[in-house]
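Whatever order the structure lists them in is the order used to number ligands and atoms, beginning at 1.
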Amino acid sequence: MKVIAIAQHKGGTGKTTTACNLAAGLAIRGHQTLLVDLDSQCNATISYLSPEMITHTLSSVLVTEPTLPLSDAIYTTHIAKLDIVPSNLRLANLERFVRFEEQYRLKKCLQTVSNRYEFIILDCPPNLGMVLNQALLAATHILIPVAAEYYPLEGLTDLDTVVVTAQEPNPHLEVLGYLVTRFDIRSGLSRQALQRVKDMHGKLVFQTVIRNNVKLQYAPAFRETIYEHAPRSYGSEDYDALTEEILERLQINRLRMVNHDKPQKATKQK
Ligand SMILES: Nc1ncnc2c1ncn2[C@@H]1O[C@H](COP(=O)(O)OP(=O)(O)O)[C@@H](O)[C@H]1O
Ligand SMILES: [Mg+2]
């Protein structure tokens, strides 16, 4: 099971848009996928569920005593093979209530459903708090969306520090990639931002760039993925390409892990 945290402490960088459309892209390709909304603003939740459908949320599992099993807060979506765990405002209390030693709660909950899903996508909140910590302890991979609209990189080093810190207790956490989002093809600033992300992170930057596309803003209001709402749009094309690129990267990672298991000649570290 791959657990991919979509994380970046700034708001508006495309985390939720990426989480929702990547999760759908994986499910459409036949992979059993669970989308977990970790943001108390609930944007991923309302992209798939109407409020009256929801009785239990992630805060019933992580925050409110007595806590419920995760399976009680899993809802099917209109996309076959895609389930969701909704969020609500109370999830923000996790920042206050969870003691340091309880930060593996999310990881333990996800392990209880590990035989049901190939992918779990975590839509993280826009800050560097306890919820993000729990996500990074539970994740196998982190995907970092960087908006190309403004000078986006100040503060990215803060996130790098958080990732390195999480890698101490969770050494298997891998950076799946940096994703440049909200790319304006006519803007020099967007091109500059893309170049800077590439200079900083090289091959970790996805070849797929998510272009600006207003259809990505409209789709959630109709509770549709971009593939249903505007199948011929840039948004649909780009998220489709991203899903393919991620599946390819994970395949490469798997091969790399197999190679690591074999005895290797000493090589100089680059
Ligand atoms: N590629 C894009 N083109 C146009 N609008 C986008 C794009 N990606 C995201 N948006 C819009 O930007 C806003 C913030 O995106 P969102 O995914 O919610 O970011 P985050 O979860 O990081 O706060 C939303 O209104 C969303 O519809
Ligand atoms: Mg969001």
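In the hydrophobic clustering of this structure, Ile185 groups with Val205; members are Ile, Leu, Val, Met, Phe, Trp, Tyr whose side-chain heavy atoms approach within less than 4.5 Å, directly or through other members. By the rule that hydrophobic residues join a cluster once side-chain heavy atoms approach within less than 4.5 Å of another member, Val63 and Ile74 end up as members of one cluster.
Not close to ligand 1: Pro126, with no non-hydrogen atom less than 4.0 angstrom away. The closest approach between Thr13 and ligand 1 falls below 4.0 Å for a heavy atom of the residue.
Checking only distances, Asp123 never comes within under 3.5 Å of ligand 1, N or O to N or O. Here's the thing with Thr18: none of its N/O atoms is less than 3.5 angstrom from an N/O atom of ligand 1. Remark: ligand 1 and Lys10 share no N or O pair separated by less than 3.5 Å (distance only, no angle test). Inclusion of Ile210 in the set of residues having an N or O under 3.5 Å from an N or O of ligand 1 is not warranted.
Contact annotation: for Gln8 versus ligand 1, there are no heavy atoms closer than 4.0 Å.
Every atom of ligand 1 with a heavy atom of Arg211 under 4.0 Å away is listed here by number and element: 1 (N), 2 (C), 3 (N). Atom numbering of ligand 1 starts at 1 in the shown order; those under 4.0 Å from a heavy atom of Leu216 are 1 (N), 2 (C), 27 (O). Ligand 1 places these atoms under 4.0 Å from at least one heavy atom of Gly11: 23 (O).
In this structure, the protein non-hydrogen atom closest to atom 3 (N) of ligand 1 is Asn213 N, 2.9 Å. Among all protein heavy atoms, the one lying closest to atom 23 (O) of ligand 1 is Gly12 N, 2.7 Å. In terms of protein heavy-atom proximity, atom 12 (O) of ligand 1 is closest to Arg182 NH1, 3.0 Å. In terms of protein heavy-atom proximity, atom 19 (O) of ligand 1 is closest to Gly14 N, 3.1 Å. Looking at atom 5 (N) of ligand 1, its nearest protein heavy atom turns out to be Gln217 NE2, 2.8 Å. Looking from atom 9 (C) of ligand 1 to the surrounding protein, the closest heavy atom is Thr17 OG1, 3.4 Å.
The aromatic rings of His78 and Tyr48 are tilted relative to each other, their planes meeting at an angle between 30° and 60°.
If you check each of Val209, Asp184, Asn43, Thr16 against atom 21 (O) of ligand 1, the one with the closest non-hydrogen atom is Thr16.
No donor-acceptor contact under 3.5 angstrom links the side chains of Gln8 and Thr13, judged on distance only. With 3.5 Å as the limit, one finds no donor-acceptor pair spanning the side chains of Ser114 and Gln111. A donor-acceptor pair shorter than 3.5 Å can be found between the side chains of Thr55 and Tyr75. Judged by distance alone, the side chains of Asp39 and Ser87 never bring a donor and an acceptor atom under 3.5 Å apart.
Shown here is Lys215, whose NZ atom has no more than 12 heavy atoms of other residues, nucleotides or ligands within 6.0 Å.
The Mg ion (ligand 2) has an N, O or S atom of Thr16 closer than 2.8 Å.
Across all their heavy atoms, Tyr117 and Met1 have their closest contact at O-CG, 3.5 Å.
Across Leu247, Leu82, Asn21, Leu35, a single residue satisfies side-chain contact (heavy atoms from CB on, under 4.5 Å) together with Leu26, and that is Leu247.
Annotation: the span from Ile226 atom CD1 to Ser47 atom OG amounts to 11.5 Å, rounded to 0.5 Å.
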